[in-house]
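To start, the structure under review is shown below, and the notes come after it.
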There are 2 protein chains.
Amino acid sequence: MLKILALIGDKWSILVIGQLRDRTLRFSELHRAVTGISQRMLTLTLRQLERDGLLTRTVHPSVPPRVDYALTPLGATLLDSVAALAEWATTHRQEINSNRRHYDATHSPRTQP
Amino acid sequence: MLKILALIGDKWSILVIGQLRDRTLRFSELHRAVTGISQRMLTLTLRQLERDGLLTRTVHPSVPPRVDYALTPLGATLLDSVAALAEWATTHRQEINSNRRHYDATHSPRTQP
DNA sequence: CGGTATCCGCCGGGATACTG
DNA sequence: CAGTATCCCGGCGGATACCG
C-alpha cells in the first residue's frame with residue numbers, strides 16, 4: 001500500500017507518466033520533455049514503471065537504436081486517479097498558500113525582538 | 001502543485017492524517033498510534049500540516065501540558081481524495097505485485113548462467 | 001541513441017540528551 | 001508531556017566517463 005502510494009510521491013514518476021498521457025515517446029524525447037531529470041533517474045524511473053506494468057518498453061532493432069515508451073491501460077487508470085488528486089491540489093492551492101503565508105507571518109522566529 | 005502532491009508522497013503525513021480521521025489526538029497518542037515514527041519526525045510533520053491548514057494545534061495550559069491535534073475541514077477533504085487513490089492501490093495491488101514478480105523472473109540478472 | 005558503471009556530496013531522518 | 005537541540009550515518013541522486 002505505502003509502497004504504491006510512494007510511487008505517487010516520487011515526482012519523476014508522475015511527470016514521466018504525465019508526458020505519456022496521450023502519446024508514445026522515445027527515451028531522448030522523454031529526457032527533453034521532463035525538465036531537469038538526469039539520464040540516470042529517467043532510466044531508473046522507467047525501469048520501475050515498466051516493472052509495475054504501468055508502461056511498456058519497446059526496443060526497435062535499428063541503427064541508431066530506438067526505444068519507445070507508452071502507457072499501459074493500468075498506467076492510464078493511475079493517471080486518472082492522480083489527476084483527481086491534482087484537481088484537489090489546484091482547487092485548494094490558493095487556500096493552502098494563504099494558510100502558509102498566515103502561519104509564517106504569525107509564527108516566524110523574531111529577527112528583531 | 002508538485003509541492004502539494006509531495007505532501008501525499010510523505011508517508012508520515014498520510015499516516016498522521018489517517019489517525020485523525022474521526023477523532024482528536026494528543027501528541028503522545030499520535031506517537032503511539034503511528035508506528036515507527038520518531039518524536040522529531042512527528043513534530044516536523046505536525047508543524048507542516050498545521051502550516052498548510054490541514055490540522056489544528058490546541059495547547060491546553062495545564063500541568064502537565066496537553067496539546068490536541070484535530071483535522072480541519074480542509075484536511076478532511078484531502079483525506080477523502082487520498083482515500084480514492086488508496087482504493088486504486090488496493091484494487092490493483094495484486095496486479096502490480098504480479099507484474100513485479102513476472103518482471104523479476106524474466107529480467108533478473110542471471111546468478112547461474 | 002540509449003543506456004551502464006562509478007564516484008561522491010548532501011541531507012533526510014534516527015538516536016540521544018536536554019528543557020519549559 | 002511535548003517538545004528543541006545536536007550529532008551522525010545511509011542512501012538518493014547528480015556528474016562524469018564509458019559501451020553496444
Side-chain angles (χ1 to χ4, degrees), chain A residues 2-3 5-16 19-20 23-51 55-70 103-104 106-111 113, chain B residues 2-3 5-16 19-20 23-51 55-70 103-104 106-111 113:
Chain A
L2 276 175
K3 292 258 180 82
L5 285 184
L7 198 75
I8 318 306
D10 179 26
K11 55 180 284 195
W12 295 134
S13 294
I14 319 176
L15 295 177
V16 166
Q19 288 299 327
L20 297 175
R23 53 180 174 173
T24 293
L25 289 178
R26 49 194 299 188
F27 187 88
S28 51
E29 291 170 333
L30 274 171
H31 198 187
R32 261 175 273 118
V34 180
T35 316
I37 196 172
S38 64
Q39 195 176 34
R40 169 193 160 88
M41 284 316 293
L42 180 55
T43 302
L44 291 177
T45 301
L46 289 171
R47 286 292 179 278
Q48 199 206 333
L49 295 177
E50 184 198 1
R51 186 170 101 108
L55 55 77
T56 56
R57 177 173 181 271
T58 310
V59 182
H60 300 277
S62 58
V63 177
R66 176 195 184 94
V67 180
D68 284 343
Y69 293 91
Y103 183 95
D104 294 344
T106 54
H107 296 73
S108 63
R110 298 288 153 214
T111 51
Chain B
L2 275 175
K3 293 257 179 86
L5 285 183
L7 197 78
I8 318 304
D10 179 25
K11 55 179 287 193
W12 295 134
S13 295
I14 319 177
L15 294 177
V16 165
Q19 287 298 326
L20 296 175
R23 54 179 174 174
T24 293
L25 288 178
R26 48 194 301 189
F27 187 87
S28 52
E29 291 170 332
L30 274 171
H31 199 188
R32 260 175 272 116
V34 180
T35 316
I37 196 172
S38 65
Q39 196 176 33
R40 168 192 159 88
M41 282 316 292
L42 179 55
T43 302
L44 291 178
T45 302
L46 288 171
R47 286 291 178 280
Q48 199 206 332
L49 295 177
E50 184 198 3
R51 187 170 103 106
L55 53 78
T56 58
R57 177 174 181 270
T58 310
V59 181
H60 301 277
S62 59
V63 177
R66 175 194 185 95
V67 180
D68 285 342
Y69 293 92
Y103 183 95
D104 292 345
T106 54
H107 295 73
S108 63
R110 299 289 152 210
T111 51

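Chain letters run A, B, ... following the sequence lines, proteins first and then strands; every chain starts at 1. Keep in mind that the numbers below use all heavy atoms, side chains included, and drop hydrogens, waters and symmetry copies.
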Completion exercise
Of Arg40(A) and Pro65(A), the one whose closest nucleotide on DNA chain D sits nearer the 5' end is Arg40(A)

Practice task
Find the distance Leu15(B):CG to dG13(C):P and express it as a whole number of Å.
Solution key: 13 Å

Problem - Arg47(A) vs His107(B) side-chain heavy atoms within contact, under 4.5 Å - result: no

Completion exercise
Winner on side-chain proximity to Thr43(A), out of dG14(D), dT4(C), dG2(C), is dT4(C)

Problem - Whole-Å gap separating P (dG2(C)) and CZ (Arg32(A)) - result: 9 Å

Handout entry: Closest nucleotide among dT4(C), dG14(C), dA2(D) to the Phe27(B) side chain
Key = dA2(D)

Exercise for the section: State, yes or no, whether a side-chain contact exists between Lys11(A) and Leu5(B) at a heavy-atom distance under 4.5 Å. Expected result: no

In a table with atom names and distances, give each donor-acceptor pair under 3.5 Å that connects a side chain of residues 60-69 of chain A to protein atoms at least two apart or in another chain.
residue: His60(A); atom: NE2; partner: Asp68(A); partner atom: OD2; Å: 2.9
residue: Ser62(A); atom: OG; partner: His60(A); partner atom: O; Å: 3.4
residue: Ser62(A); atom: OG; partner: Pro64(A); partner atom: O; Å: 3.1
residue: Arg66(A); atom: NE; partner: Asp68(A); partner atom: OD1; Å: 3.4
residue: Tyr69(A); atom: OH; partner: Arg57(A); partner atom: NE; Å: 3.2

Could you list the donor-acceptor pairs under 3.5 angstrom formed by side chains in residues 31-46 of chain B, with sequence neighbours left out?
residue: His31(B); atom: NE2; partner: Ile37(B); partner atom: O; Å: 3.2
residue: Ser38(B); atom: OG; partner: Met41(B); partner atom: N; Å: 3.2
residue: Thr43(B); atom: OG1; partner: Gln39(B); partner atom: O; Å: 3.0
residue: Thr45(B); atom: OG1; partner: Met41(B); partner atom: O; Å: 2.6

Completion exercise
From CD of Gln39(B) across to P of dA15(C) the rounded distance in Å is 12 Å

Practice task
Select from Arg57(B) and Ile37(A) the residue whose nearest nucleotide in DNA chain D is closer to the 5' end of that strand.
Solution key: Arg57(B)

Fill in the blank from the handout: Side-chain atoms of Trp12(A) come closest, of dG14(D), dG3(C), dG14(C), to dG14(D)

Handout entry: Integer-rounded Å distance: dC1(D) C1' and His31(B) NE2
Key = 12 Å

Handout entry: Atom pair distance, as rounded to whole Å: CG in Leu46(B) and C1' in dG3(D)
Key = 11 Å

Practice task
Taking only the side-chain nitrogens and oxygens of Arg26(A), find out if one of them lies under 4.0 Å from OP1 or OP2 of dG2(C).
Solution key: yes

Exercise for the section: Give a yes/no answer on whether the side chain of Ser28(A) brings an N or O atom under 4.0 Å of OP1 or OP2 in dG2(C). Expected result: yes

Exercise for the section: Measure from CD on Gln48(A) to C1' on dC12(D) and round the result to the nearest Å. Expected result: 13 Å

Practice task
Compare every heavy atom of Gln19(B) with every heavy atom of Leu25(B), then report the nearest pair and how far apart it is.
Solution key: CD1-O, 3.9 Å

Practice task
In whole angstrom, give the distance that lies between atom CG of Leu44(B) and atom C1' of dT6(D).
Solution key: 14 Å

Problem - Along DNA chain C (nearest heavy atom to each residue), the more 5'-positioned of Asp10(B) and Arg47(A) - result: Arg47(A)

Practice task
Take atom NE2 of His107(A) and atom P of dG3(D), then tell me their distance rounded to the nearest Å.
Solution key: 12 Å

